[in-house]
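Take a look at the structure set out below.
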Amino acid sequence: MLEINPGDAVPIWRQIEDEIRRLLAAGALVAGGPVPSVRDLARDLRVNPATVSKAYQHLMVAGLLEVRRGDGTYVVEVPPPMKRSERRDALAAAAVRYASLAFTMGASREEALKELEAACERLDGHTRRKS
Amino acid sequence: MNSNAVVKLNNVSVRYGKATAVDDVSLSVSPGSVYALLGRNGAGKTSLVRCLVGQQKPTHGVVTIFGRSVWNDRASLMSRVGIVPEDPDAPPEMTTTEIVRFCARLYPKWDAAGVAERLRRFDIPQTIPYGRLSKGQRRQVLLSIVLAGSPELLVLDDPTLGLDVVARKELFEELVTELAERGTTVVVTTHDMPGIEAIADRVGIMKGGRLVLDEDLETLKWRFRRLRYATAPVPAESVELNQLETTSVRRWGNGTEAVVSNYDDVLLERFRSVSGVRNVEVSPMSLEEIFIAVAGEQKGADS
């Protein structure tokens with residue numbers, strides 16, 4: 001369920017971090033539930049365990065994962081509210097990625113903004129229906 | 001810096017008569033990391049590895065492992081180093097079982113269960129003579145034996161040569177497990193770029209005996225990119241890549257494909273706005289593609 005691409009320019013540890021964030025957001029990893037051990041995940045993905053460990057380290061610093069001594073790594077029960085500055089950084093980084101993708105494909109600024117609006121609309125509608 | 005490096009080469013050269021196999025190579029490998037030494041055949045990798053494991057005295061320069069000179073202390077150092085050479089040698093009439101039993105007595109620490117488990121996973125026939133195993137299987141036998149001795153440093157010379165896809169996958173899994181369990185430092189020469197790409201921390205590329213590149217894989221993959229763009233209506237020749245440095249530029253019709261070796265987002269944006277070129281497509285490059293860009297074709301580039 002966790003996919004990485006060693007051929008990508010994005011460092012593998014960052015890809016793992018992003019994937020775990022994605023799985024958390026999608027509800028595939030639940031609060032308080034276990035995540036694979038560094039060893040198992042490294043073996044599954046056939047990557048250097050130090051790489052997985054680095055991704056987990058980042059997620060722990062972000063307060064999303066916790067190590068229970070002698071037991072393993074778990075998703076925290078209550079995810080920490082994101083600090084405003086963190087949220088801004090994360091949004092800005094994602095925005096740069098989206099903008100460069102859009103420009104790479106030759107899209108105009110208007111076109112790119114319109115798609116972003118539309119995506120917000122769709123997600124908004126989706127969450128409202130769900131709750 | 002790097003005072004705790006597991007392996008350190010200082011200005012190492014190897015000459016055979018007039019021929020220079022290794023030309024003034026310096027590098028260091030930090031603890032628990034995987035160093036991938038790449039190069040085309042005849043680039044000097046094997047000579048370098050032979051110096052690294054004390055099988056050969058460099059003509060010039062010093063190799064140290066755990067801070068001690070390999071050549072002077074090789075007998076005592078080698079108990080902490082596991083070596084799988086390119087062409088592993090063992091008495092051809094002995095069976096795998098006999099070789100394993102023999103080796104068990106040579107190592108201070110020996111993991112008998114581990115070696116049995118690995119041989120089973122590698123699917124090695126244990127009762128036929130070593131001489132009748134394939135070259136790939138011999139290397140797997142040796143790797144199993146070497147890992148059972150719990151080495152602190154593992155030196156693998158082209159470990160996947162002669163292995164099929166399944167066996168290669170198993171070998172890399174074995175390495176990953178070893179790294180996870182013991183944090184073993186690994187120096188590996190290989191032509192299997194897709195295999196090593198996911199586990200290498202640092203990459204060295206040799207060409208004509210020289211180490212032409214020595215860099216963390218992460219930064220290497222960040223700075224090497226392939227750009228594709230159409231230049232119409234401007235003639236392709238008049239488009240300047242600005243401060244982007246290229247290792248190759250190919251043009252056909254209105255299209256240009258350039259391999260850039262110092263990519264960053266800001267330089268790209270500047271190029272995009274200054275050149276007026278439309279539809280710039282940026283793609284990442286695999287280690288294999290980067291290797292070809294660095295060590296490939298262009299002859300006479302080094303003089």
Side-chain angles (χ1 to χ4, degrees), chain A residues 2-19 35-58 67 70 72-73 89-112, chain B residues 30-34 36 168-184 186 193-202 216-230 263 265-266 268-269 272-273 277-290:
Chain A
L2 203 155
E3 277 176 23
I4 57 150
N5 174 13
D8 203 289
V10 176
I12 297 172
W13 65 265
R14 170 73 77 186
Q15 294 183 43
I16 294 173
E17 186 187 338
D18 287 349
E19 277 288 278
V35 295
S37 72
V38 167
R39 202 193 127 169
D40 288 348
L41 188 56
R43 204 167 153 146
D44 283 353
L45 299 173
R46 259 179 294 142
V47 302
N48 194 328
T51 307
V52 177
S53 176
K54 190 168 175 182
Y56 279 17
Q57 219 81 58
H58 274 251
V67 173
T73 310
D89 288 351
L91 276 176
V96 166
R97 280 205 294 277
Y98 172 63
S100 46
L101 176 78
F103 292 152
T104 296
M105 297 188 307
S108 69
R109 179 188 294 242
E110 291 71 33
E111 210 179 337
Chain B
S30 45
S33 71
V34 176
R168 260 189 230 182
K169 178 172 169 286
E170 278 161 2
L171 188 134
F172 278 108
E173 257 166 37
E174 210 54 53
L175 274 185
V176 165
T177 308
E178 179 69 17
L179 289 167
E181 281 174 353
R182 287 196 274 246
T184 310
V186 181
M193 315 266 169
I196 203 67
E197 183 160 0
I199 63 169
D201 295 295
R202 200 172 172 87
D216 284 347
L217 182 58
E218 197 172 310
T219 61
L220 184 64
K221 292 189 61 166
W222 185 257
R223 70 185 177 90
F224 269 93
R225 301 297 174 97
R226 177 174 287 112
L227 300 190
R228 289 198 185 91
Y229 50 87
Y263 175 86
D265 297 346
V266 176
L268 178 71
E269 284 317 314
R272 221 197 286 270
S273 57
V277 159
R278 300 263 301 162
N279 302 346
V280 187
E281 189 188 293
V282 184
S283 41
M285 292 171 67
S286 66
L287 179 58
E288 188 158 18
E289 293 169 317
I290 295 172

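Convention: sequence-line order gives letters A, B, ...; per-chain numbering from 1. Reckoned from all heavy atoms, side chains included, excluding hydrogens, waters and symmetry mates.
Residue Glu181(B) touches chain A through its side chain alone, counting heavy-atom pairs closer than 4.5 Å. Interface residue Met285(B): only backbone heavy atoms are found under 4.5 Å from chain A. Neither the backbone nor the side chain of Arg223(B) comes within less than 4.5 Å of any heavy atom of chain A. Looking at Leu179(B), the atoms closer than 4.5 Å to chain A (heavy atoms on both sides) sit in the backbone and in the side chain alike.
Between the side chain of Lys221(B) and the backbone N or O of Asp8(A), at least one donor-acceptor pair lies under 3.5 Å.
Counting heavy atoms from C-beta on, the side chains of Arg46(A) and Ile199(B) never come closer than 4.5 Å.
The two residues Ala9(A) and Pro284(B) have their closest heavy-atom pair at N-CB, 3.3 Å.
Annotation: maximal heavy-atom pairing with chain B below 4.5 Å, among Thr51(A), Val96(A), Val47(A), Ile12(A), occurs at Val47(A).
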